[in-house]
Amino acid sequence: MKRIFFASALALSLLSCRENKSRNAPVVDNAVDNAESSVSGSIKKNTRYSKGGNLVHEIYEELVKNDKALQELDARIENIREETRTVLSEYSEVIYKSETYYNDAAALSNSVTDSLTRKQIEKEIKASSEKYNTKTQTIKDLISRIKANDAALHDQYVVFKIRKTLPEIEKYQNAHPLKTDNLDSFINKQNILLEELKKLK
């Protein structure tokens, strides 16, 4: 009896493995399946992807691999964003140090006990600070424009990636059609077992 049960269980398990393989096999090659296979290690369903944790980026990376125009665009975007960081850091450091100096000088001037001397040095600090602000106002305006452009560039790049990958997820969905047959069949198996258990005493 045990042998018959074991043989039946083995046959059922092999059959269900075959069903799973045929269900999971992609009909068409697409960037979504390729993105899954290119990620290091095995990917379990319902987990975040390893690179950046975003499937949009994963699919887009797959598209970039085989598209020279996308590779060039990506390189240009990365270069301009790197240049932005370099340019801003040069100017920001000088402005930051100057503003820090004036704040520290004002704080330090509070320790001067003679009120006339304190007022005099506070006046000198304020005059120098206002002079520097006037001199650097145009620079600050240009920095604000560069930051705004960088934010707009980021936004447009994200939108571009999403629009570029939307057809790929749709292709993936078409390659993996979801039908009710297997689910109905499985529910029937569950119901049979449930009925058997109810009858057992």
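Ser92 contributes atom OG, which lies 5.0 Å from atom NZ of Lys147 (distance to the nearest 0.5 angstrom). Put simply, NZ on Lys161 and CG on Leu166 are 14.0 Å apart, with the number rounded to the nearest 0.5 Å. With rounding to the nearest 0.5 angstrom, the CD1 atom of Ile162 is 11.0 Å from the CD1 atom of Ile59. Of the inter-residue distances, the one linking Asn133 atom CG with Glu130 atom CD reads 7.5 Å to the nearest 0.5 angstrom. The distance from the CG atom of Leu73 to the CD1 atom of Ile77 is 4.0 Å, given to the nearest 0.5 Å. Expressed to the nearest 0.5 Å, how far CG of Asn182 lies from CD1 of Ile187 amounts to 11.0 Å.
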Exercise for the section: Evaluate side chain to side chain contact (heavy atoms under 4.5 Å, CB included) for Leu55 paired with Glu58, printing each intermediate quantity in order. Expected result: CA-CA 5 Å; Leu55 191 53; Glu58 290 292 338; 4.0 Å; yes
Exercise for the section: Show your working on salt bridge (Lys or Arg N to Asp or Glu O under 4.0 Å) between Arg81 and Glu78 and close with a plain yes or no. Expected result: CA-CA 5 Å; Arg81 298 205 77 195; Glu78 185 51 43; over 6 Å; no
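Salt bridge present: Glu93 and Lys97 bring a charged side-chain N and a carboxylate O closer than 4.0 Å. Using a cutoff of 4.0 Å between basic side-chain nitrogens and carboxylate oxygens, Glu196 and Lys199 are not scored as salt-bridged. Classification of Arg85 and Glu82 as a salt-bridged pair holds, one side-chain N sitting under 4.0 Å from a carboxylate O. Salt bridge Glu62/Lys171: absent, no basic N to carboxylate O contact under 4.0 Å.
When the shell of 6.0 Å around OH of Tyr101 is examined, it contains 12 or fewer heavy atoms from other residues, nucleotides or ligands. In this structure, Leu183 places its CG atom where more than 12 heavy-atom neighbours from other residues, nucleotides or ligands lie under 6.0 Å away. Within a 6.0 Å sphere centred on NZ of Lys164, other residues, nucleotides and ligands contribute 12 heavy atoms or fewer.
Taking the side chain as every heavy atom from C-beta outward, Lys65 and Glu61 never approach each other to under 4.5 Å. Between Thr165 and Ile169, the closest side-chain pair of non-hydrogen atoms is not below 4.5 Å. The shortest side-chain heavy-atom distance between Leu116 and Gln120 does not fall under the 4.5 Å cut-off.
Taking the six-membered ring where the residue is Trp, Tyr172 and His176 present tilted rings, their angle falling between 30° and 60°.
Hydrophobic clustering (ILVMFWY, side-chain heavy atoms < 4.5 Å, transitive): Ile121 and Leu108 are in distinct clusters. Under the 4.5 Å side-chain contact rule for hydrophobic residues, Leu142 and Tyr91 do not share a cluster. Cluster membership check: Val87 shares its hydrophobic cluster with Ile143, using side-chain heavy-atom separations under 4.5 Å among Ile, Leu, Val, Met, Phe, Trp and Tyr. Phe160 and Leu63 fall within the same hydrophobic cluster, where Ile, Leu, Val, Met, Phe, Trp and Tyr residues are linked whenever their side-chain heavy atoms come under 4.5 Å apart, directly or through other members. The hydrophobic clustering, which links ILVMFWY residues whose side-chain heavy atoms are closer than 4.5 Å, places Ile80 and Leu88 apart.
Looking only at atom types and distance, the side chain of Asp74 has a donor-acceptor partner in the side chain of Tyr60 under 3.5 Å away. Using a 3.5 Å distance cut-off with no hydrogens or angles, the side chains of Asp141 and Gln137 do pair a donor with an acceptor.
Taking both residues in full, the closest heavy atoms of Asn54 and Val56 are given as OD1-N, 2.8 Å, listed atom of the first, atom of the second, then distance. In terms of heavy atoms, Val64 sits closest to Gln71 at O-NE2, 2.9 Å. Looking at every heavy atom in both residues, Ser109 comes nearest to Glu122 through OG-CG, 3.5 Å. A pairwise comparison of heavy atoms in Tyr102 and Ser128 identifies OH-OG, 2.6 Å as the closest pair. Scanning all heavy atoms of the two residues, the minimum distance from Thr113 to Arg118 falls at O-NH1, 3.7 Å.
Remark: side-chain polar atoms of Ser89 are paired, donor with acceptor, to backbone N or O of Thr86 under 3.5 angstrom. For Ser144 (side chain) and Lys140 (main-chain N/O), a donor-acceptor pair under 3.5 Å exists by modelled atom type. Checking side-chain atoms of Asp150 against main-chain N and O of Ile146 turns up no donor-acceptor pair under 3.5 Å. Judged by distance alone, the side chain of Ser185 and the main-chain N or O of Asp181 form no donor-acceptor pair under 3.5 Å.
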